[in-house]
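Encoded as structure tokens, the structure appears first; notes follow it.
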Amino acid sequence: MRPALLQALRNGCMLVICLSAISCGGGSSLSGVSAPVIPPSSNVVDVVVGGGPNGNSVNSLYTTVTVCVPGSTTLCQTIDNILVDTGSYGLRLLVPPLTLSLPVLAAADGNALVECMIFVDGYSWGPVAAMDIHIAGESASSVPVQLIGDTRFPTVSSDCSSTGGTAENTVATFGANGILGIGVFLQDCPDCSVSVIPAFYYSCTSTACTNTMVALPSQVQNPVAFFATDNNGTIITLPAVVPGGAASVTGSLIFGIDTESNNQSGSQTVLTVPTSGANAGGVTTIFNSQTLSASFIDSGSNALYFNDSSITPCASSQFAGFYCPVITSTFGATIQGANAISVPVTFSVGDAETLSQSFMAFPGLAGTATVAGSFDWGLPFFYNHRVATAIEGFTTSAGTGPYIAF
């Protein structure tokens, strides 16, 4: 069974660096880079690494989605700056950027269904509502979506707010207008369908909330699985970025694996991931003679997060938790799947304090891990990679999900 912690949005590891704190210098003349052009198709949407709605996010991958009142073709809204996250499951939208009026889904007792999502550094609170979702030429109908910061439910349950960290219920604190969770699983809390999980789903009135179980169809869902076609997974393609960084990076999010000519598996190595246990959906990393079995590959984290006492930490409190080696250094590690297949990888770590304040993409950004026994392969891992994420129970020519391939 998947514990609530590992179902939480992994972008909680995404420490948003305010660019006003980043010194100039150490950058590159490269203004922006793009992945090889993928011909426009109904299953392809552009993604960009940029500053986001606040203008100060680093290594954050965004796209655009259109949402509608279920069954409507006119009561719709297109929302940009949606964070693309392979480490979570489901669409979550910030309020007030969302202007549509959407009724809240009911819990089993008839009260409103509300959710608490725990991050590593905070939490988000809001009700669940159904909506139609359109991305590129793909559509999903009546998908349960979390509405973060909805003023209809201002009182946060104490077991949610007391988990530590700050409330991330506004665009300013969240760093995005929403998050598109396209990880390997279908729902965000299967365990919640069989037992009450603290600090997850609630039955709420206007004044009080009670922890509750939730049937799988009412939980926040991975919208990709709801598409009529191209629904077995996703592929993210991003170009290489020079060590000094880039002002922006443009790539593609491709829906489906082995369903179209533009999403064939090819020669990528498939790493299956466990469906249960302490690291459901994760991988094992072997680094510095350590076996880090709580590792994961996550486009929603803005750096590589791991522990290595030999790398100089940043001296400035504004960069606490990040590494600042005197020179950019290259390291090696091995990523291993549940199928015992391993892939060697190399990565670089640069000085976070010398990042150019006009750049948004840095392949060498790295910091210390807060999850014991983990290596968080955040967005820098995706640069110069073609990363496929296959959803549990869906088949591809390379096998049956859940798996990650690159």
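Every heavy atom of this structure was used, including side-chain atoms; hydrogens, water molecules and symmetry mates were not.
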If you compare all heavy atoms of [X] against all heavy atoms of [Y], which two are closest, and at what distance to 0.1 Å?
X	Y	result
A112	F153	CB-CZ, 3.3 Å
P363	P380	O-CB, 3.4 Å
S72	D132	N-OD2, 4.3 Å
C160	A199	CA-CB, 4.3 Å
I335	L271	CG2-CD1, 3.7 Å
R152	L147	NH2-CD1, 3.8 Å

**Aromatic ring pairing F255/F227, orientation class (parallel under 30°, perpendicular over 60°, tilted between)** = perpendicular
**Item:** Pair F347 and W377, ring centroids less than 6.0 Å apart
**Value:** yes
**Asked** Looking at F174 versus F119, is the centre-to-centre ring distance below 6.0 Å?
**Response** yes
Treating [X] as the side-chain partner and [Y] as the backbone partner, does any N or O pair qualify as donor plus acceptor under 3.5 Å?
X	Y	result
E392	T400	no
T334	P344	no
Q77	T99	yes
S193	P190	yes
T170	T173	yes
S356	S358	yes
D230	G256	no
S218	V214	no
N54	A176	no
S252	V44	no

Got a second to check how far [X]'s [atom1] is from [Y]'s [atom2], nearest 0.5 Å?
X	Y	atom1	atom2	value
F362	L379	CZ	CG	12.5 Å
S329	Y323	OG	OH	12.0 Å
Q318	E353	CD	CD	8.5 Å
D109	T210	CG	OG1	7.5 Å
L186	F226	CG	CZ	8.5 Å
M360	L61	CE	CG	14.5 Å

**D376 and D298: CA distance, side-chain angles, deciding distance, side-chain contact (heavy atoms from CB on, under 4.5 Å) verdict** = CA-CA 7 Å; D376 179 354; D298 178 17; 3.8 Å; yes
**Request:** With F375 as reference, evaluate T285, V283, T284, I286 under the side chain to side chain contact (heavy atoms under 4.5 Å, CB included) test and give the passing residue.
**Result:** T285
Quick one, [X] and [Y] - any side-chain contact, counting heavy atoms below 4.5 Å?
X	Y	value
N177	V171	yes
T389	I257	no
Y89	V220	no
F382	V49	no
H134	V65	no
L93	M131	yes
Y202	N111	no
F306	T368	no

Any donor-acceptor pair under 3.5 Å linking the side-chain atoms of [Y] with those of [X]?
X	Y	answer
T259	N263	yes
Y403	T396	yes
T66	T78	yes
N59	Y383	yes
D159	N211	yes
D80	T64	no

**Request:** Starting from the C-alpha separation in whole Å, work towards a yes-or-no answer on salt bridge (charged side-chain N to carboxylate O under 4.0 Å, His left out) for R92 and D85.
**Result:** CA-CA 11 Å; R92 303 169 197 280; D85 184 18; over 6 Å; no
**Request:** List the steps, then state whether side-chain contact (heavy atoms from CB on, under 4.5 Å) holds for L83 with L180.
**Result:** CA-CA 6 Å; L83 189 74; L180 178 63; over 6 Å; no
**Asked** Do I311 and V349 pass the side-chain contact (heavy atoms from CB on, under 4.5 Å) test, and can you show the C-alpha distance, the side-chain angles, and the key distance before you say yes or no?
**Response** CA-CA 9 Å; I311 305 177; V349 177; 4.3 Å; yes
**Request:** Using the side-chain contact (heavy atoms from CB on, under 4.5 Å) rule, take W125 and I148 through it: C-alpha gap first, then chi angles, then the decisive distance, then the call.
**Result:** CA-CA 5 Å; W125 172 266; I148 296 174; over 6 Å; no
**Message:** Give me each pair satisfying disulfide bond (SG atoms under 2.5 Å apart) with a member in residues 297-363, each pair once, sequence neighbours excluded.
**Reply:** C314-C324
**Message:** Between F406 and F381, is the ring pair (Phe, Tyr, Trp, His ring centres under 6.0 Å) condition met? List the steps.
**Reply:** CA-CA 10 Å; F406 55 91; F381 172 80; 5.1 Å; yes
